Amino acid sequence: MTLAIIGGTGLTSLQGLEIDRREMVHTPYGEPSGPLTHGHLNDQQVIFLARHGYGHTIPPHRINYRANIWALRQAGATCVLAVAAVGGINTVLSPGRLVAPDQIIDYTWGRANTFFEEDLTHVTHVEFGRPYDDDLRERMLQGARDCGVSMHDGGCYGATQGPRLESAAEIERMRRDGCDMVGMTGMPEAVLARELELPYATCGVVANWAAGMDGGKPISMEAVEAVLKDGMADVRQVLGALIPRLQS
Ligand code: HPA
């Protein structure tokens, strides 16, 4: 398997990646967030893409998700691991924790969320009952166990439109809906990977308590950055341990 890693906030480059080359892929859907980086991590070939661009300049609602997923497949990726910062809604998802969500609720709007738009001769309703690939999730969780990094197994990812953070009432509604975490980029990324039949899983990094969860304290971006810095060190370990597990 050739793993593609989509890096989110806090992971715009991959430490330890031996870079072979960068490739700009042009797709029928426009330009991806930046050039793809082809390289080796622990002697295995991987492809890396920074979701928000290498200078972190593209906000969640402006990301060309279709171009990103299309480009990764065109470049030879056979599975996609998405790294994503999230806000914790479930009280077990405290800042700094890693989490492997297993469900999604999509609250985004106005994003190009399908490849099946041009060819209307056959309408395709892609299966999405289990939006993340079970096998890839399991390997990621096993990788986390291998390297002694604690990763919460399961939870529902609520995808919001951004770029603003949520109100406390919105988070309370999401909690009642069954969301355990909130992020701005999980959709349509996950469904687009499914449409192209690319196994897809998310490694969530809890950056902060979601709005209203911490006794109503405002979310501080400095605190978020500090938490992500440590969290990404754990993510790198998990990635390193996951890669050998993709070969069997
Ligand atoms: N809300 C939405 N997206 C996020 C958050 C949040 O609190 N934290 C990190 N990504």
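Everything quoted here is computed from the prediction, not taken from an experiment. Start at 1 and go down the list; that is how both ligands and their atoms are numbered. The basis for the numbers below is simple: all heavy atoms, side chains too, and nothing from hydrogens, waters or symmetry mates.
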Side-chain H-bond candidate by donor/acceptor type, [X] with [Y], under 3.5 Å:
X: Tyr157; Y: Asp102; value: no
X: Arg22; Y: Thr37; value: yes
X: Thr27; Y: Gln74; value: no
X: Gln142; Y: Arg145; value: yes
X: Gln103; Y: Tyr132; value: no

Enumerate the atoms of ligand 1 whose separation from the nearest heavy atom of [X] is less than 4.0 angstrom.
X: Glu166; value: 1 (N), 2 (C), 6 (C), 7 (O)
X: Met184; value: 2 (C), 3 (N)
X: Ala85; value: 9 (C), 10 (N)

Considering heavy atoms of the protein only, find what lies nearest to [atom] and give residue, atom and distance to 0.1 Å.
atom: atom 5 (C) of ligand 1; value: Gly87 N, 3.5 Å
atom: atom 7 (O) of ligand 1; value: Asn208 ND2, 3.0 Å
atom: atom 3 (N) of ligand 1; value: Gly183 CA, 3.5 Å
atom: atom 4 (C) of ligand 1; value: Val182 O, 3.7 Å

(request) Could you tell me whether Leu165 approaches ligand 1 through its side chain, its backbone, both or neither, with non-hydrogen atoms closer than 4.0 Å? (result) side chain
(message) One residue to check: Val86. Relative to ligand 1, which of side chain, backbone, both or neither has a non-hydrogen atom less than 4.0 Å away?
(response) backbone
(request) Would you mind reporting whether Leu198 and Cys79 have side-chain heavy atoms less than 4.5 Å apart? (result) no
(request) Could you point out which residue of Met187, Met174, Gln161, Glu170 forms a side-chain contact (heavy atoms from CB on, under 4.5 Å) with Tyr107? (result) Met174
